[in-house]
Amino acid sequence: MKYVIEHMEEGFSEWVILEYSQIIRDIGAANLILTSLPPGTTSADIPQRLLDLGLQWTTKECVELEAGGLDASKVCLLDPAAETDLTPLDKDQFEYFVFGGILGSHPRIDRTGILRKKYGFSGRRLGALQMTTDTAIRTTQKIIEDGVKFEEIGFLDYPEIKYNKYESTEMPFRYVVDEKGDPILPEGMLKLIKNDAEQSIDDLLLE
């Protein structure tokens with residue numbers, strides 16, 4: 001299975017670097033492709049931490065990943081507006097799972113709609129609540145590769161991240177939980193949130 005993120009934004013915030021780094025660690029660099037980077041992008045524009053992890057990237061759109069274009073019937077667009085939820089049975093139909101740059105933005109921006117309208121990919125939903133990009137890929141991997149039904153995955157919605165006895169921040173996303181029931185965050189994310197406690201989550205996403 002190949003996981004494709006249409007980057008669809010300028011540059012790389014620290015938040016995005018941490019998310020992409022965790023995705024590579026989770027699924028392997030060979031299975032992740034970052035597409036639609038701005039024309040003229042070179043390796044010098046890619047954070048060194050991501051290059052060191054083996055990030056694959058291209059300025060091409062996702063449909064151009066194969067000579068002659070991707071077979072649209074083999075592409076699943078993870079789309080919050082889809083009417084059908086992703087299930088383990090979808091493993092037999094799709095080879096590419098495309099995330100349109102919308103997951104992880106707050107408030108939600110329907111960038112996935114660009115791909116939906118432009119290419120007519122089949123869409124599947126991951127429940128009704130917003131996820132970060134790494135959570136969406138983690139959820140998709142559990143469903144497609146591990147055969148776990150969506151309703152059997154443990155989630156925590158809008159977890160409260162505490163900095164000290166008196167201060168905390170509510171994260172506006174749904175997260176997969178670990179065996180202890182704690183939300184799974186990218187390595188370094190908790191430190192980033194705590195260090196930037198004065199900033200809003202919106203600022204951290206875009207910085």
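Quantities reported herein were computed from a predicted structural model and do not represent experimental measurements.
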Are any non-hydrogen side-chain atoms of [X] and [Y] less than 4.5 angstrom apart?
{"X": "His7", "Y": "Ser36", "answer": "no"}
{"X": "Leu50", "Y": "Leu34", "answer": "no"}
{"X": "Lys2", "Y": "Glu95", "answer": "no"}
{"X": "Ile5", "Y": "Tyr20", "answer": "yes"}

Once rounded to the nearest 0.5 Å, what's the spacing between atom [atom1] of [X] and atom [atom2] of [Y]?
{"X": "Thr58", "Y": "Ile33", "atom1": "OG1", "atom2": "CD1", "answer": "9.0 Å"}
{"X": "Cys76", "Y": "Ile144", "atom1": "SG", "atom2": "CD1", "answer": "7.0 Å"}
{"X": "Leu89", "Y": "Lys149", "atom1": "CG", "atom2": "NZ", "answer": "8.5 Å"}
{"X": "Ile23", "Y": "Asn31", "atom1": "CD1", "atom2": "CG", "answer": "12.0 Å"}

Using every non-hydrogen atom in the two residues, find where [X] and [Y] come nearest and quote the distance to one decimal.
{"X": "Leu185", "Y": "Met189", "value": "CB-CB, 4.2 Å"}
{"X": "Tyr158", "Y": "Pro172", "value": "CD2-C, 3.5 Å"}
{"X": "Pro159", "Y": "Pro183", "value": "CB-CG, 4.0 Å"}
{"X": "Phe155", "Y": "Val177", "value": "C-CG1, 3.8 Å"}
{"X": "Ile24", "Y": "Leu53", "value": "CG2-O, 3.5 Å"}
{"X": "Asp26", "Y": "Arg138", "value": "OD2-NH2, 2.9 Å"}

Aromatic contact, Phe94 with Phe121 (centres under 6.0 Å)
no

Do the side chains of Asp79 and Arg125 get close enough for a salt bridge, i.e. N-O under 4.0 angstrom?
no

Can we say Arg49 and Glu14 salt-bridge, meaning some charged N sits less than 4.0 Å from an Asp/Glu carboxylate O?
yes

Check whether [X] reaches the backbone of [Y] with its side chain - one donor and one acceptor, N or O, closer than 3.5 Å.
{"X": "Asp146", "Y": "Val148", "value": "no"}
{"X": "Glu6", "Y": "Cys62", "value": "yes"}
{"X": "Gln56", "Y": "Ala30", "value": "yes"}
{"X": "Lys142", "Y": "Glu152", "value": "no"}

Glu66 side chain to Tyr96 side chain, donor-acceptor N/O pair below 3.5 angstrom:
yes

Would you tell me whether Arg25 and Gln22 have side-chain atoms, one donor and one acceptor, within less than 3.5 Å of each other?
yes

Begin with the C-alpha distance, continue with both residues' side-chain angles, and end with the deciding distance and a verdict on side chain to side chain contact (heavy atoms under 4.5 Å, CB included) for Gln141 and Ile27.
CA-CA 8 Å; Gln141 184 183 34; Ile27 67 175; 3.6 Å; yes

Under 4.5 Å between side-chain heavy atoms, counting indirect links through other Ile/Leu/Val/Met/Phe/Trp/Tyr residues: same cluster for Leu156 and Ile153 or not?
no

Going by the side chain to side chain contact (heavy atoms under 4.5 Å, CB included) test, name the single residue among Asp134, Leu129, Thr135 that passes it with Met131.
Thr135

Run the side chain to side chain contact (heavy atoms under 4.5 Å, CB included) test on Ile17 and Ser21 for me, step by step, so that the C-alpha distance in whole Å, both residues' side-chain angles and the decisive distance to 0.1 Å come before the verdict.
CA-CA 6 Å; Ile17 294 172; Ser21 296; 4.1 Å; yes

List in chain and number order the residues that pass side chain to side chain contact (heavy atoms under 4.5 Å, CB included) with Thr41, two or more places apart in sequence or in another chain; answer none if no residue qualifies.
Leu37, Pro38, Asp45, Ile46, Trp57, Thr59

Measure up the Phe99 and Tyr3 rings against each other and bin them: parallel (under 30°), tilted (30 to 60°), perpendicular (over 60°).
parallel

Using the side chain to side chain donor-acceptor pair (under 3.5 Å) definition, which of the options Asp85, Thr87, Asp90 pairs with Arg124?
Asp90

Checking side chain to side chain contact (heavy atoms under 4.5 Å, CB included) for the pair Leu192/Leu18: CA distance, chi angles, key distance, verdict?
CA-CA 9 Å; Leu192 174 66; Leu18 293 179; 3.9 Å; yes

Show your working on side chain to side chain contact (heavy atoms under 4.5 Å, CB included) between Phe97 and Leu86 and close with a plain yes or no.
CA-CA 11 Å; Phe97 293 86; Leu86 187 71; 4.1 Å; yes

